[in-house]
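Accompanying notes for the structure given below.
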Amino acid sequence: MTATDAPTRAPAAGSTERAADPKDQQRLDIRALKDLLRPVAGSLTAGRALAVVSGVLAVVPYIALVQLGAVLLDAAGTGTAVGGAEVDRWLRILLIGFALRLAVYFMALVITHVADIRLGHLIRQRMVRRFSRVPLVWFTSTNSGRVRKALQDDIGTIHNLIAHRPVEATNAVVMPLTLMVYAFVIDWRLGLLAIATLPLYAAAMTIPMRGMNEKTVEMDRKLGAVSARMVEFVTGITVVKAFGRVGRAHRAYQDAAREFGQFYYAWVRPLITVSALGSSLLAVPLVLLVNVGGGAWLVSQGVVTAADVLATALIALLIPYGLEVLMHSMWSQQLAGASARRLTDLLRTPVLADDADRVMPSGHDVVFDHVSYSYGDGPDADLALDDVSLTLREGTVTALVGPSGSGKSTIATLLARFDAPRSGTISLGGAPIDGIDDLYARVGFVLQDPQLPSVSLRDNIALGRPDATDEQVRDAARAARVLDEIEALPDGFDTVYGVDTGLSGGQAQRIAIARAILVDAPVLILDEATALTDPEAQHQIQQALSDLVRGKTVLLIAHRPEVIKGVDQIVLVDGGRVAAVGTHDELVDHPGYAHLRETGTHPSDRGADE
């Protein structure tokens with residue numbers, strides 16, 4: 001039994017709704033993004049305000065450039081010496097205006113980057129608080145992948161929207177508009193030349209932009225399907241290859257990838273030519289040809305000066321930059337909206353209720369009182385446990401037996417509070433387990449999958465008691481029959497699992513047993529720890545378990561008949577119900593128990609839930 005043995009419960013009320021229509025989904029994305037950015041909305045507004053100031057200041061160097069050109073041209077036309085004071089004055093204005101604009105722009109970016117750091121930290125804090133209360137059965141490989149994607153990819157996607165877009169997009173609008181106004185102030189004809197290719201560009205880009213928002217939402221959805229299928233395939237690759245079914249197993253991933261490829265190709269192919277044509281209308285050579293060529297003709301007519309043409313030509317070159325930034329910002333906002341929705345979904349993940357009164361248990365009897373449980377919500381959800389009542393007396397060993405899918409692992413999962421029952425109560429020492437603060441100091445477990453993180457073997461053993469001394473860790477390893485093997489390693493207890501060395505299944509299991517010995521919880525849940533190990537390891541593990549269970553209240557999930565010999569109580573589970581309770585002698589004539597003894601249930605026969 002592990003925290004991932006059973007499918008996760010469907011999201012409860014509070015989860016972000018999902019719309020089938022792309023337009024509706026887009027509205028949900030915008031709403032999720034607005035909610036997510038609310039804590040830094042003030043900082044983003046301040047960044048935009050400074051970006052407006054920076055955009056307006058961008059016109060100062062151009063004014064100085066035109067005036068400087070006028071001074072030089074007047075001097076050249078009259079044959080007089082250039083006035084040094086006048087030139088110096090306009091040069092200072094040009095440099096000061098340029099430096100001031102950059103300083104304001106830098107300040108705006110600092111504010112938005114700090115806001116981005118603050119929001120990222122806030123989101124991670126909220127996720128840590130949320131996930132500390134989420135049922136452990138929720139953490140399947142798929143949901144773990146969702147968490148990784150959210151904390152790395154999605155927060156990274158939102159980074160651009162927070163740290164850059166408020167400043168860059170605002171500046172990309174204000175600066176070109178301000179400069180275009182100034183170009184018309186210089187001369188209306190030069191102003192028209194500066195924007196001459198814009199109407200053609202807008203007309204050409206109307207087709208690519210049609211339905212862009214809906215297509216982006218659909219692309220994100222299909223890409224998410226590809227990612228989910230890939231996680232499913234990679235997660236099960238070991239079993240898939242072992243049974244030689246690689247072709248069938250990865251067909252779902254291939255289908256999802258093919259569907260995404262066909263959609264993306266059908267969307268993009270007709271747009272490439274049109275987009276290329278539109279982009280060419282803002283190409284630097286064409287813009288210079290129109291502005292310099294037309295400006296030169298106006299100069300020859302004595303209408304404008306060369307300095308005027310130079311200034312407006314430079315202004316015209318900035319317009320494509322602004323449009324490019326705006327297009328990129330629109331795309332970024334679409335992606336950020338989808339990321340915000342996924343983050344919001346995770347931040348609304350259903351959690352275990354924690355409103356019970358704090359109670360100290362009296363003793364270590366475990367009582368299941370009319371417990372029912374289902375994987376999913378709603379009245380139509382199938383019950384995995386149906387009105388289960390049983391008692392585990394303090395200091396006794398209770399074995400759960402039953403066919404595959406009968407609900408054995410679900411019972412153990414609920415006792416470990418990996419999830420909460422749909423109805424009924426589970427109590428320890430007379431106290432509901434949801435009202436016990438230090439539950440995992442009182443309930444320990446040894447699972448088939450030892451779940452060793454990539455830290456030192458010392459830290460693995462001391463995981464439940466990080467304050468344990470080195471001697472206490474050594475004593476626990478000795479009791480688990482793994483001390484000699486750890487000390488034989490080059491780095492001993494400092495060996496990092498999975499990095500410096502790998503361990504056999506039996507060694508890893510004994511490390512997990514040492515961890516349980518060190519915690520010394522009075523209630524212990526055991527999935528048959530020897531089921532997937534070789535005979536020699538089974539003997540060592542069985543010896544360690546014999547010491548571990550002594551004097552404890554033990555719930556044993558039994559897969560083989562010989563394991564339950566000598567237990568104090570046997571609970572036969574069938575179809576989510578308790579079919580019979582008693583000792584071996586009392587149940588020997590029970591049809592269900594007799595059938596299990598005859599068939600000899602083996603771990604390889606088990607389904608997703610015991």
Side-chain angles (χ1 to χ4, degrees), residues 1-5 136 139 141 144-145 148 234-239 241-242 416 418 440-441 443-522 524-552 554 556-557 559-560 563 603-604:
M1 184 273 299
T2 70
T4 60
D5 277 340
L136 291 182
F139 288 97
S141 58
S144 297
R148 183 207 61 78
V234 172
T235 301
I237 191 66
T238 304
V239 176
K241 294 187 73 173
F418 289 175
Y440 293 123
V443 178
F445 31 82
V446 178
L447 312 176
Q448 276 195 27
D449 182 356
Q451 300 281 340
L452 303 185
S454 294
V455 296
S456 71
L457 298 183
R458 177 187 293 104
D459 290 340
N460 260 295
I461 295 174
L463 197 62
R465 277 189 60 191
D467 59 341
T469 65
D470 288 348
E471 191 58 35
Q472 289 172 326
V473 171
R474 284 174 53 82
D475 289 343
R478 183 181 294 109
R481 285 29 177 210
V482 75
L483 176 62
D484 293 341
E485 290 162 83
I486 293 177
E487 292 185 332
L489 297 171
D491 294 326
F493 281 90
D494 293 323
T495 301
V496 177
Y497 175 73
V499 177
D500 298 334
T501 186
L503 300 177
S504 69
Q507 290 172 326
Q509 194 61 271
R510 278 175 280 151
I511 294 289
I513 293 172
R515 180 193 302 164
I517 290 172
L518 189 60
V519 172
D520 197 25
L524 191 63
I525 302 168
L526 294 179
D527 193 357
E528 188 177 6
T530 63
L532 302 178
T533 55
D534 57 80
E536 182 179 353
Q538 287 180 13
H539 177 68
Q540 293 175 310
I541 293 172
Q542 198 61 55
Q543 286 183 314
L545 288 175
S546 297
D547 292 340
L548 175 61
V549 303
R550 190 171 293 118
K552 293 179 169 40
V554 180
L556 170 67
I557 299 176
H559 308 303
R560 295 180 301 186
V563 175
S604 63

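- You'll find the side chain of Leu457 reaches within 4.5 Å of the side chain of Leu489, heavy atoms only.
- Using cut-offs of 30° and 60° on the angle between ring planes, the pair Phe418 and Tyr440 is tilted.
- The shortest heavy-atom contact between Ala441 and Pro522 is O-CD, 3.7 Å.
- Of all non-hydrogen atoms in Ala512 and Val446, the two that sit nearest each other are O-CG2, 4.5 Å.
- Between Arg478 and Asp475 the shortest heavy-atom distance is NH1-OD1, 2.8 Å.
- Under the side chain to side chain contact (heavy atoms under 4.5 Å, CB included) criterion, Asp520 pairs with Lys552, not counting sequence neighbours.
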Worksheet entry | side chain to side chain contact (heavy atoms under 4.5 Å, CB included) assessment of Ile557 paired with Leu526 | CA-CA 6 Å; Ile557 299 176; Leu526 294 179; over 6 Å; no
Discussion item. Please determine whether side chain to side chain contact (heavy atoms under 4.5 Å, CB included) holds for the pair Phe493 and Val473, giving the CA-CA distance in whole Å, both sets of side-chain angles, and the decisive distance to 0.1 Å.
Written reply: CA-CA 9 Å; Phe493 281 90; Val473 171; 3.8 Å; yes
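- Between Arg515 atom CZ and Ile461 atom CD1 the span is 9.0 Å, to the nearest 0.5 Å.
- When all heavy atoms of Pro453 and Asn460 are compared, the closest pair comes out as CD-OD1, 2.8 Å.
- In summary, of the residues considered (Ile486, Val482, Leu483, Ile517), a side-chain contact (heavy atoms from CB on, under 4.5 Å) with Arg510 occurs for Val482 alone.
- Closest approach of Ala468 to Leu518, counting heavy atoms only: CB-CD2, 3.7 Å.
- Arg465 pairs by the salt bridge (Lys or Arg N to Asp or Glu O under 4.0 Å) definition with nothing, not counting sequence neighbours.
- Heavy-atom minimum distance, Gly444 versus Ala521: N-CB, 3.4 Å.
- In this structure, the side chain of Glu487 does not engage the main chain of Asp484 through any donor-acceptor pair within 3.5 Å.
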